[in-house]
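One structure below.
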Amino acid sequence: MDDGGGTRDAGRLEALAPGQAIPFGGDRVAYVTPELSAAFRPGDRLVVVQDTGDLLHIPATEHDAASSAVARAAAAFTRMGEVTDAAITAFFEAFARRLEDDGAWSRIAQANAADVERARARGRSTTRLAVSDAMRRDMAAGLRAWRDAEPPRGRRLERVTHEGWTVDQLMAPLGVVGFVFEGRPNVFADATGVIRAGNTVVFRIGSDALGTARAIVAEALDPALAEAGLPEGAAVLVDSAAHAAGWAMFADPKLALAVARGSGPAVAQLGAIARQAGTPVSLHGTGGAWIVADEAADADRFFAAVYHSLDRKVCNTLNTCCIVESRADDLLPVFLEALERAGARRKGCKLHVAEADLPRLPESWRSARTTVVRAEGPVEEPLVEPIADAELGHEWEWEETPEVSLKVVADVGQAVALFNALSPRFAAALISQDAAAQARFFATIDAPFVGDGFTRWVDGQYALNRPELGLSNWENGRLFARGGVLAGDGVFTVRTRVTQADVHLDRAGAPTPPRAG
């Protein structure tokens with residue numbers, strides 16, 4: 001019945017009809033496809049992404065799996081206030097120790113080998129999926145970094161003293177953190193960092209790495225939680241391979257923060273789901289770093305920066321290089337040698353060059369062909385391909401073959417303008433011996449991470465000794481009141497506590513009346 005405010009009594013969505021109109025965004029309409037209509041069953045959910053009109057079908061089983069996991073974490077959070085910082089410290093040590101146990105790790109490695117084999121059979125990339133001894137050491141080191149970190153709970157940020165009373169601003173746990181990531185098992189350990197601040201966490205990992213995640217939970221995570229005496233549900237895996245489970249988790253209003261690692265439309269979609277549920281987000285979006293070499297660039301420093309920025313493909317890998325016109329003749333050969341040498345320690349290299357700059361390259365490069373290792377396997381391609389300037393911000397998601405873009409610019413100002421307009425505004429470096437040029441570069445480049453050498457330093461654990469949950473939201477520009485690294489101890493709220501010494505305080509100055517009797 002109409003209540004006079006334009007609303008009617010609500011019912012349950014039991015079915016969808018082909019061609020059914022679904023409003024979104026206030027003034028637009030999406031239409032139900034025959035496939036969605038046929039798949040939808042009573043008890044299922046439909047999430048309408050208000051930004052795009054995407055109609056996301058969440059089967060009841062996936063909704064229940066996500067809802068149950070979030071509920072367990074929420075229940076655990078209500079008990080975390082009784083957990084001591086010493087117990088949290090003990091959890092991180094126990095988790096690290098169990099990863100270092102050869103028996104436990106062998107079972108995790110076996111599960112991972114099966115994941116890798118299944119992913120390869122489906123033609124999926126396994127570059128970031130496979131575990132290694134180095135990854136094992138890094139996971140343990142990250143956990144021990146949280147073990148040794150100063151507990152943030154109750155830390156006083158500010159005190160305001162009044163006559164007869166004081167006000168303290170204190171750091172406090174935020175709540176349940178929802179975490180979605182794909183095929184990097186080491187992120188599983190990183191994400192438990194939110195427990196350091198007294199939060200709880202719910203994970204959803206991509207289908208490629210789900211077997212590995214299950215093994216980590218069984219062999220290391222759950223035993224460490226139990227050993228340290230943390231409440232059941234302090235860290236919960238959503239045990240589902242379906243994307244719908246991630247949608248359901250991010251649509252749950254019990255989340256205090258939604259974190260998504262990865263890149264592309266899937267991450268943006270997850271962020272939109274969480275935002276419309278009222279949950280703040282930290283999105284690990286498109287990456288790719290830029291290096292600019294100016295008139296005062298040292299050739300050896302430039303060579304080292306390019307070479308050391310191409311050791312593997314992650315978000316802070318060199319993606320685009322700009323060389324100023326006045327140094328093109330001598331620095332282009334340096335760049336090509338560094339790229340070639342970086343390829344020698346991987347599996348070849350691949351160059352995309354701005355169309356206008358193609359004639360600057362040696363004929364031996366322009367006419368050569370090479371084998372590029374793609375996700376689907378080795379592919380023979382031209383060594384060099386021209387691209388339009390508008391494509392300079394495209395991130396090359398290479399597997400084993402370093403792949404970069406090159407542009408000769410009139411000056412550093414043009415390089416900065418291209419970066420600010422085309423790139424994801426993530427990481428940039430200026431190779432220059434001119435201090436004034438470095439200052440101008442920092443002032444004008446719209447990036448949260450700025451350097452003067454290699455780009456691979458952009459990492460919370462490597463640079464700040466704080467294992468990161470994500471490098472967050474840079475595509476939306478500069479972040480309000482925080483930097484681009486989201487670490488476990490950065491997930492907090494601020495609570496205000498008053499201590500009243502003068503019991504007779506009154507806003508109007510009235511005295512306390514005498515008590516009767």
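L55 places a side-chain heavy atom less than 4.5 Å from the side chain of V48. Contact annotation: the side chain of E227 approaches that of R97 to within less than 4.5 Å [non-hydrogen atoms, C-beta and beyond]. Side-chain contact between F419 and I445: present, with at least one pair of heavy atoms (C-beta onward) separated by less than 4.5 Å. Two residues are said to be in side-chain contact when any heavy atoms from C-beta on lie closer than 4.5 Å; I216 and L237 fail this criterion. Contact of the R196 side chain with the T89 side chain is registered, since non-hydrogen atoms from C-beta on lie closer than 4.5 Å. For the pair T317/W396, no side-chain contact is recorded, criterion being any heavy-atom separation below 4.5 Å from C-beta on. Contact check for F492 versus R155: no side-chain heavy atoms found under the 4.5 Å cut-off. For the pair I205 and T212, the minimum side-chain heavy-atom distance is 4.5 Å or more.
Ring geometry for H243 versus W247: interplanar angle under 30°, hence parallel rather than tilted (30 to 60°). Using bins of under 30°, 30° to 60° and over 60° for the plane-to-plane angle, the ring pair F449/W457 lands in the perpendicular bin. Ring geometry for F179 versus F181: interplanar angle over 60°, hence perpendicular rather than tilted (30 to 60°). Relative ring orientation between W146 and F92 is described as tilted, the plane-to-plane angle lying within the 30° to 60° band.
Under the 3.5 Å distance criterion, the side-chain polar atoms of R374 are left unmatched by any main-chain donor or acceptor of T401. Remark: side-chain polar atoms of R136 are paired, donor with acceptor, to backbone N or O of E100 under 3.5 angstrom. No donor-acceptor pair closer than 3.5 Å links the side chain of R124 to the backbone N or O of V116. Side-chain atoms of N112 come within 3.5 Å of backbone atoms of V131 as a donor-acceptor pair (strictly under, hydrogens ignored). The closest donor-acceptor contact from the side chain of N199 to the backbone of V491 lies under 3.5 Å. Remark: side-chain polar atoms of R28 are not paired, donor with acceptor, to backbone N or O of G26 under 3.5 angstrom. Listed for the S309 side chain is a donor-acceptor partner under 3.5 Å among the backbone atoms of T455. In this structure, the side chain of N316 engages the main chain of V458 through a donor-acceptor pair within 3.5 Å. A donor-acceptor pair under 3.5 Å links the side-chain atoms of R41 to the main chain of A38, judged by distance alone. Listed for the D115 side chain is a donor-acceptor partner under 3.5 Å among the backbone atoms of G211.
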Run R346 and R312 through side chain to side chain contact (heavy atoms under 4.5 Å, CB included) and show every step you take. CA-CA 8 Å; R346 303 291 301 190; R312 60 190 287 250; 4.0 Å; yes
Worked check of side chain to side chain contact (heavy atoms under 4.5 Å, CB included) between D459 and V485: CA-CA 8 Å; D459 177 270; V485 174; over 6 Å; no
Carefully, step by step, assess Q169 and R156 under the rule side chain to side chain contact (heavy atoms under 4.5 Å, CB included). CA-CA 6 Å; Q169 300 267 59; R156 189 168 71 201; over 6 Å; no
Test L56 against I273 for side chain to side chain contact (heavy atoms under 4.5 Å, CB included), laying out the working first. CA-CA 10 Å; L56 305 179; I273 293 168; 3.4 Å; yes
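Among all heavy-atom pairs drawn from R107 and A215, the shortest one is O-CB, 4.3 Å. Of all heavy-atom pairs spanning S207 and R122, the tightest one is OG-NH2, 4.2 Å. Taking both residues in full, the closest heavy atoms of R153 and T84 are given as NH2-C, 3.5 Å, listed atom of the first, atom of the second, then distance. Closest heavy-atom contact between P23 and A21: CD-O, 3.8 Å. Smallest separation of non-hydrogen atoms from L505 and G164: CD1-O, 4.3 Å. Closest heavy-atom contact between A429 and G453: CB-O, 3.3 Å.
Remark: L13 CG to F40 CZ distance equals 4.0 Å, nearest 0.5 Å. A distance of 14.0 Å separates NZ of K254 from CZ of F77, quoted to the nearest 0.5 Å. Here the straight-line distance linking atom CH2 of W165 with atom CG of D502 works out to 11.0 Å at 0.5 Å rounding. Here the CG atom belonging to D252 is positioned 11.0 Å from the OG atom belonging to S68, to the nearest 0.5 angstrom. Rounding to the nearest 0.5 Å gives a distance of 11.0 Å between CD of E232 and OG1 of T200. Note that CD of E397 is 10.0 Å distant from CD of E403, once rounded to the nearest 0.5 Å.
Evaluated for a side-chain contact (heavy atoms from CB on, under 4.5 Å) with V47, the options H57, H63, Q276, Q269 yield exactly one hit, Q276.
A salt bridge does not link D101 with R98: every distance from a Lys NZ or Arg NE/NH1/NH2 to an Asp or Glu carboxylate oxygen is 4.0 Å or more.
A cation-pi arrangement is absent between R147 and F95, since the terminal nitrogen or guanidinium carbon is not both under 6.0 Å from the aromatic centre and inside a 45° cone about the axis.
Shown here is E14, whose CD atom has more than 12 heavy atoms of other residues, nucleotides or ligands within 6.0 Å.
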